[in-house]
Amino acid sequence: MTAAGIASAGTGEETVPKIDLNDPSLYFNRELSWLKFNDRVLFQASDKRKPLLERLKFLAIAGSNLDEFFMKRIGGFKQLVAANVQETTVDGRTPQQQVDECCEAVQNYFRRKEKVFDDLLADLVKEGIELLHYVELSDEEQSVLRDDFYDNIFPLVTPQSVDPAHPFPFISNLSLNLLVSLRYPGEKEEALARVKVPVGAGANRFQQIGDSHRFVLLEEVMEHNLDLLFPGMEILSCELFRVTRNANTSKEEEHADDLMEMIETALHHRKFAPIVRIQIEPDMGPQHRGRLASELGLDEERDVFVSHCMLGLRDLWELYRLELPELKEVPHHPIDHPQLSKDRNIFHVIRDQKAILLQHPYESFSSSVERFLYEAATDPKVRGIKMTLYRTDPDSRIIDYLIRAAQNGKQVAAVVELKASFDEQANIKLASRMEEAGVHVTYGVVGLKTHAKVILVIRQDYKGLRRYVHVGTGNYHPGTARLYSDLGMFLYDKAVGRDATELFNYLTTGFTPKRSYSQMLPAPKILKRALLDKVEREITVHQGGQPGLIRMKMNALEDIDIARAIYQASQAGVKVELLVRDSCRVRPGLPGLSENVRVLSIVGQFLEHARVFYFRNGGEEEFLIGSADAMKRNLEHRVETLVPVPEGPLREQVREFLDLQFDDRVTAWELHADGEYKLVNPSARKGQDGCQEKLIKLADKRQHEVQRLRKRKSRQAGERNLK
C-alpha cells in the first residue's frame with residue numbers, strides 16, 4: 001500500500017488511519033491476475049502426482065489459454081494504444097503499461113513453460129512415447145514418412161513466393177508457417193517463400209512413425225522434404241513462425257439493421273484482423289526476424305516472442321488422445337441424479353420435490369437437463385418451452401429437442417446469443433436451423449449479451465397451467481457439462497416461474513418499464529445493486545452483534561464496486577471468504593483493510609465454473625446461484641440472473657459443496673497480499689482427495705443412500721402384502 005493510501009485523522013499522538021479506497025495500490029490488475037491463474041494451470045503440467053498424459057493435457061490447456069489471452073486481451077489493449085487512450089484502470093495502469101507488464105510476465109511464463117515441456121518429454125520417453133527430430137530417424141523411416149507426406153499431405157500444401165510480383169501473403173490466425181529462403185543453383189540472388197503447415201486440414205501435427213509411439217513434428221517432415229515443393233532449387237534456410245491475430249472485431253450493434261449480418265461481417269473481419277504477436281524459434285536469423293515483423297506491421301522488440309520449445313502447444317491434445325489409459329485419470333462417469341427416477345414423468349418428480357439441485361459433472365447432464373427438454377418436447381401436456389442459449393454443441397440433442405417440440409406444435413422460443421466469443425459461427429448456424437424448423441429465435445436485448453442460463457417450461461397440469469424452471473451456472477453444452485464443475489436447479493415455484501416469464505418477455509422484446517421480480521435478481525437492472533445492498537446489510541447485522549459471514553464463489557472478481565464493498569465489510573469485522581478461479585482484484589491480508597478476507601483458487605480435474613453467493617444475514621441465511629461473475633461486464637453489460645436456493649436440503653447441499661472447497665488441502669491455492677498464490681498444502685500426498693474427488697464420492701453416496709431406501713420400502717411393502 002502506498003503512503004498516499006493512508007491519511008491520518010484525529011488530533012494528538014493517537015491517530016486512526018483512514019484508508020483511501022480509491023488508492024490504486026489496493027487492487028490487483030485483472031490481466032496480471034489472470035496470468036497468475038495460467039501459471040497455476042501450468043503447475044498442473046509439472047505436478048508428478050498426476051498421470052503423465054494428464055500433465056500433458058494441462059500444458060496444452062495453458063498454451064491454448066495464452067493464445068486466447070493475446071487474441072482478446074492484448075489485442076484489445078493494442079486497439080486502445082492505437083487510439084491513444086491514456087485512461088488508467090482502477091489499479092493505476094494505462095493500456096500501454098498493461099501491455100508491457102503482461103508481456104514481461106509472459107516472458108517469465110515462457111521460461112517456466114520450456115522447463116515443464118522438457119521435463120515432460122523426458123518422462124514421456126520413460127513410457128515409450130518419443131518426440132524425435134527428423135534427422136534422428138533411420139533412412140528407412142525417413143523414406144516411409146516422405147512417401148506418406150507426398151501421398152497424403154503434399155496436395156494440401158501451397159507454397160507462396162514473396163517478391164515484387166507477389167506481395168507478402170495473408171497469414172491466418174494461429175497458423176504454423178515456414179519461411180523458406182532459397183535461390184536458383186549458381187545464382188547469388190535469394191528469394192523468400194512462405195509455406196503454411198496444414199495442421200487441422202487433414203494432417204496431424206504429430207506424424208507417427210510406423211505403429212510405434214514415436215513421432216516427428218509435421219513441420220520437420222516438411223522442412224526436410226522441401227525439394228518436393230521447390231524442385232531444383234537450393235534451400236538456404238527454413239524457419240518456423242506462428243502468428244496470433246486480434247479477436248476484437250465486434251461492431252456497435254445499436255445501429256445495425258440486421259444483427260446476424262453484423263456478426264457475420266465481424267467474423268469475416270476477425271479473419272483479417274491485425275496481428276498482435278509473432279512466435280518464432282531461436283534459430284531465425286535477425287534479418288528475417290526484422291523483415292517478418294515489418295511485413296506484418298509489428299514492433300520487432302515488443303511483438304516478436306522467441307520460444308525454445310514447440311510452437312502451438314495446444315496441438316499436444318493429439319498426444320493426449322493416445323489410447324493409453326494407464327497414463328490418464330480413471331475416466332469419470334457421472335451418476336444419474338438419485339431423485340430423478342426414470343420410471344416417472346420428470347415433471348411429476350419436480351412437482352413433488354418442488355426443488356432439485358444438480359451438481360455437474362458429478363451428476364449427469366444428459367439424464368437431467370437433456371431429459372427435461374426431451375420430455376418437454378414429447379409430453380402432450382407441455383404447451384411451451386423458452387430457453388436461453390449462450391454456448392452449446394451445434395450437434396447437441398438440445399437443439400434436436402427444441403426442433404422436435406416445435407414440430408409437435410408447442411410454442412418454442414430460443415434466445416440465442418450470437419456474440420458468444422469464438423462460438424459466433426456455430427450459434428449463427430444453429431439459430432438458422434431452428435428458425436427453419438419453426439422455433440421462435442431472438443437474439444436478446446440490443447447492447448447486452450444474454451449470458452443467463454434459464455429454461456422455462458409451461459405445462460397444462462391438472463390444476464391449470466404450471467411453470468417449471470431450470471436455472472444454472474453453466475452453459476447448456478453437453479460437452480462442457482462433463483468437464484466443468486457447475487450447479488443447477490429444477491424449480492416448481494410460482495414466484496420463480498413468474499420471474500422467468502418476465503425475464504423471457506424482456507429478452508424477446510427489450511422493453512423494460514415496470515418489470516418486477518420477487519425472486520430472481522437479473523442484471524443489468526437489479527443484480528449489482530442487490531449484491532451491494534446484501535454486503536451492506538451484512539455489515540449492519542455484524543455491527544449489531546451477530547457475526548457476519550460472506551462467501552462468494554465465481555470465475556473472476558473484477559468489478560471495483562464489489563471489491564470496495566468487500567473491503568468495507570472486512571474493515572467492519574465481517575469474515576469474507578472468496579473462491580475465485582482466475583482474476584481477482586481484491587488484495588487480502590492488508591492491515592486495517594482486508595485481514596478478514598481470504599481468497600482461494602481451485603485448479604483440479606474439472607474447470608471450476610459455478611457461481612454461488614452466500615450471506616449469513618444474522619441467521620436468516622441466503623444462498624444464491626446463477627450465471628454472473630463479479631465483473632463489470634457481467635453486472636452492467638449482460639443479461640444475467642441469480643436465483644435464491646430454497647430452504648431445506650438444497651441449501652445444505654450447497655453449504656456442503658462450499659465447505660469442501662474452502663477446506664480443500666490438495667488443489668486449493670491461497671492468494672497473499674503480495675499477489676502470489678501458494679498451495680494451501682504443498683506436501684499433499686499422491687492419491688489424496690481434493691474437493692472434486694470428494695464431490696464425486698458424495699454423489700455416489702447420495703445415489704447409494706436413495707437406492708438403499710427404495711429397496712427397504714420395496715421390501716417393507718412386500719412384507720405387508722404377505723401378511
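All values reported here derive from a predicted model rather than from experimental measurement.
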Is a donor on one side and an acceptor on the other found under 3.5 Å between the side chain of [X] and the backbone of [Y]?
X      : Y      : value
Arg314 : Gly63  : no
Asn38  : Ala62  : yes
Asp629 : Asn555 : yes
Asn173 : Arg245 : yes
Thr473 : Leu487 : yes
Gln44  : Arg40  : yes
Asn177 : Ser175 : yes
Thr641 : Ala452 : no
Thr244 : Asp67  : no
Ser594 : Leu590 : yes

Could you work out, with side-chain hydrogen bond (donor to acceptor under 3.5 Å, both in side chains) as the rule, every residue matching [X], not counting sequence neighbours?
X      : value
Glu577 : Arg551, Lys575
Tyr476 : His470
Thr450 : none

Could you pull out all residues at least two apart from [X] that satisfy ring pair (Phe, Tyr, Trp, His ring centres under 6.0 Å)?
X      : answer
Phe117 : none
Phe43  : Trp669
Phe615 : none
Phe606 : His332, Tyr362

Salt bridge present between [X] and [Y] (N-O < 4.0 angstrom):
X      : Y      : result
Lys553 : Glu608 : yes
Glu219 : Arg205 : yes
Lys453 : Asp486 : no
Lys72  : Glu68  : no
Arg55  : Asp119 : no
Arg30  : Glu558 : no

Do [X] and [Y] have side chains that approach each other closer than 4.5 Å (heavy atoms only, starting at C-beta)?
X      : Y      : value
Lys78  : Pro274 : no
Leu311 : Phe241 : no
Val535 : Ile566 : no
Val603 : Thr667 : no
Arg529 : Ile526 : no
Leu389 : Val415 : no
Gln571 : Leu593 : yes
Thr480 : His609 : no

Partners passing side chain to side chain contact (heavy atoms under 4.5 Å, CB included) against [X] (at least two apart in sequence or in another chain):
X      : value
Ala630 : Met554, Leu557, Ile562
Asp39  : Lys36, Tyr109, Arg112
Gln96  : Val81, Thr94, Val99, Asp100, Arg302
Thr89  : Asn29, Asp91, Arg93, Gln98

ask   = Among side-chain atoms of His288 and Glu239, is any donor-acceptor pair under 3.5 angstrom?
value =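 Yes, side-chain donor-acceptor contact under 3.5 Å.
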I need the [X] [atom1] to [Y] [atom2] distance, nearest 0.5 Å.
X      : Y      : atom1 : atom2 : result
Leu21  : Ile560 : CG    : CD1   : 8.5 Å
Arg73  : Asn246 : CZ    : CG    : 11.0 Å
Ser601 : Leu679 : OG    : CG    : 10.0 Å
Trp34  : Asp582 : CH2   : CG    : 8.0 Å
Arg277 : Leu298 : CZ    : CG    : 11.5 Å

Which pair of heavy atoms, one from [X] and one from [Y], lies closest together, and at what distance?
X      : Y      : value
Val599 : Cys584 : CG1-SG, 4.0 Å
Glu114 : His308 : OE2-N, 3.0 Å
Arg194 : Ile171 : NE-CD1, 3.4 Å
Leu635 : Ala628 : CD2-CB, 4.5 Å
Ser46  : Val116 : CB-CG2, 4.0 Å
Glu281 : Val306 : C-CG1, 4.2 Å

* **Flag if over 12 foreign heavy atoms under 6.0 Å of OH, Tyr677** => yes
- Answer yes or no: are there more than 12 heavy-atom neighbours, outside Glu300 itself, under 6.0 Å from its atom CD? yes
Is there a salt bridge (charged side-chain N to carboxylate O under 4.0 Å, His left out) between Asp561 and Lys632? Walk through the geometry before answering. CA-CA 9 Å; Asp561 298 316; Lys632 183 181 178 71; over 6 Å; no
request  = Test Trp317 against Ile61 for side-chain contact (heavy atoms from CB on, under 4.5 Å), laying out the working first.
outcome  = CA-CA 9 Å; Trp317 279 104; Ile61 292 171; 3.8 Å; yes
* To do: With sequence neighbours excluded, give me every salt bridge (Lys or Arg N to Asp or Glu O under 4.0 Å) pair touching residues 589-600.
  =>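 Found Arg598-Glu670.
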Checking Arg633, Lys528, His451 against Glu640 for side-chain hydrogen bond (donor to acceptor under 3.5 Å, both in side chains), the one that qualifies is His451
In terms of the angle between their ring planes, are Tyr567 and Tyr27 parallel, tilted or perpendicular, with boundaries placed at 30° and 60°? tilted
